[in-house]
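First comes the structure, then the notes that go with it.
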Amino acid sequence: LPETPPLNLGSFDIVINPNATLAANSAALAAFNRAAQAWEARISDPITVSISAGLSALGAGIIGSTSSVTLQAGYSTIRNALVADAALDTGDAITASMPTAAQFSAFVPIGRSLSGNLLGTKANLKAMGFTGLDGSFGANDATINFSTTFSFDYDNSNGVTAGFMDFETVAIHEIGHALGFVSIVDSVNAGMTS
């Protein structure tokens with residue numbers, strides 16, 4: 001089936017700011033930019049996401065690592081911005097059903113509490129319509145590093161060489177984290193004792 005482009009395609013842009021090691025590896029940088037273009041083809045928000053990226057030594061078994069700029073605001077502030085942004089797309093009407101602060105309730109395990117705030121990546125908050133974030137928190141939205149200890153195939157157009165890691169697919173995955181596709185559940189569960 002043909003892929004359906006996003007509705008209301010805007011000028012979504014991902015800017016890759018490579019460190020010296022990544023800039024010196026033209027094949028890796030080209031693969032990284034192709035990964036960014038894959039995301040750009042699917043997202044319609046008219047924002048720019050800036051990612052610092054590099055190749056460096058990472059811990060054992062770590063292929064890539066993403067650190068997003070994470071911000072927090074009151075539940076109502078983020079909830080209301082999310083509902084207002086979703087109202088622009090007819091397919092997102094369900095978002096208006098998200099509970100208000102007065103309607104919200106949660107089970108909180110013993111020893112835990114709610115702060116009344118929500119966290120969001122800077123990229124997510126930009127997509128919700130928050131402005132001035134670059135001026136207040138810097139131009140960088142995330143930092144992505146790829147391990148120098150893995151063998152990468154930088155061009156998957158003809159398949160991936162046996163024993164090599166597909167760099168472009170890893171880059172797509174890591175950019176997803178930079179854009180806010182993350183889960184805090186593992187972090188919360190890791191802090192729980194049985």
Query raised in the report: side chain to side chain contact (heavy atoms under 4.5 Å, CB included) between F12 and T48: does it pass, once the steps are laid out?
Result: CA-CA 6 Å; F12 180 68; T48 297; over 6 Å; no

Query raised in the report: So F146 and F32, would you call those rings parallel, tilted or perpendicular, with 30° and 60° as cut-offs?
Result: perpendicular

Report task. Apply side chain to side chain donor-acceptor pair (under 3.5 Å) to the pair T95 and D92, showing each step before the final yes or no. Result -> CA-CA 6 Å; T95 306; D92 293 341; 5.4 Å; no

Query raised in the report: Quick one: do L71 and L82 end up in the same hydrophobic cluster if we chain Ile, Leu, Val, Met, Phe, Trp and Tyr together by side-chain heavy atoms under 4.5 Å apart?
Result: yes

Query - Minimum-distance pair of heavy atoms, taken over all atoms of T100 and Y75 - result: C-CE2, 3.7 Å

Query raised in the report: Would L29 and I16 count as a side chain to side chain contact (heavy atoms under 4.5 Å, CB included) if you check the C-alpha gap in whole Å, the side-chain angles of each, and the deciding distance to 0.1 Å?
Result: CA-CA 9 Å; L29 186 54; I16 306 299; 4.2 Å; yes

Report summary line: Here the gap from R34 atom CZ to F167 atom CZ, rounded to the nearest 0.5 Å, amounts to 10.0 Å

Report task. I would like to know whether S50 and V15 meet side chain to side chain contact (heavy atoms under 4.5 Å, CB included); could you show each step before the answer? Result -> CA-CA 5 Å; S50 296; V15 176; 4.2 Å; yes

Query raised in the report: Roughly how far, to the nearest 0.5 Å, is CD1 of I51 from CG of N17?
Result: 9.0 Å

Requested in this report: Hey, can you tell me if F150 and F152 have their rings parallel, tilted or perpendicular (30° and 60° cut-offs)?
Outcome: tilted

Query raised in the report: So, does N117 use its side chain to make a donor-acceptor pair with the main chain of Q72 at under 3.5 Å?
Result: no

Query raised in the report: Do the side chains of V83 and M128 join up, straight or via other hydrophobic residues, at under 4.5 Å, putting them in one cluster?
Result: no

Requested in this report: May I ask you to test the T143-T66 pair for a side-chain heavy-atom distance under 4.5 Å?
Outcome: no

Query raised in the report: Would F104 end up clustered with I78 when hydrophobic side chains under 4.5 Å apart are linked, directly or stepwise?
Result: yes

Requested in this report: Following the transitive rule for hydrophobic clusters with a side-chain heavy-atom cut-off under 4.5 Å over Ile, Leu, Val, Met, Phe, Trp and Tyr, establish whether F130 and L179 coincide in one cluster.
Outcome: no

Query raised in the report: Can you name the nearest heavy-atom pair linking I172 to W39, along with the distance?
Result: O-NE1, 2.9 Å

Report summary line: In terms of heavy-atom contacts, E168 and A35 come closest through O-CB, 3.7 Å

Report task. Quick one: pull up OG1 in T131 and CG in L125 and give me the separation to the nearest 0.5 Å. Result -> 11.5 Å

Query raised in the report: Would T70 and S68 satisfy side chain to side chain donor-acceptor pair (under 3.5 Å), going step by step from the backbone distance to the final call?
Result: CA-CA 6 Å; T70 304; S68 296; 5.7 Å; no

**Report entry** Test log, rule side chain to side chain contact (heavy atoms under 4.5 Å, CB included), inputs V69 and T121
**Finding:** CA-CA 6 Å; V69 175; T121 65; over 6 Å; no

Query raised in the report: Can you tell me how far CD1 of I62 sits from OG of S56, rounded to the nearest 0.5 angstrom?
Result: 10.0 Å

**Report entry** N/O donor-acceptor pair under 3.5 Å between S136 side chain and G132 backbone
**Finding:** yes

Requested in this report: Over all heavy atoms of both residues, which pair between G159 and D153 is shortest? Give the atoms and the distance, please.
Outcome: O-OD2, 3.5 Å

Query - Residue pair N140 / K122: nearest heavy atoms and the distance that separates them - result: O-NZ, 3.1 Å

Report summary line: OG (S147) and CE (M165) are apart, to the nearest 0.5 Å, by 9.0 Å

Query raised in the report: Where the side chain of D141 meets the backbone of A178, is there a donor-acceptor pair that is under 3.5 Å apart?
Result: no

Query raised in the report: Under a 4.5 Å side-chain heavy-atom rule over Ile, Leu, Val, Met, Phe, Trp and Tyr, are V182 and L118 clustered together?
Result: no

Query raised in the report: Under 3.5 Å, is there a donor-acceptor pair between the side chain of K126 and the main chain of V49?
Result: no

Query raised in the report: So, does N124 use its side chain to make a donor-acceptor pair with the main chain of G120 at under 3.5 Å?
Result: no

Report task. Working to the nearest 0.5 Å, report the span between CG of L55 and OG1 of T148. Result -> 7.5 Å

Requested in this report: Check N145 against L58 and note the closest heavy-atom contact, atom names and distance.
Outcome: O-CD1, 3.6 Å

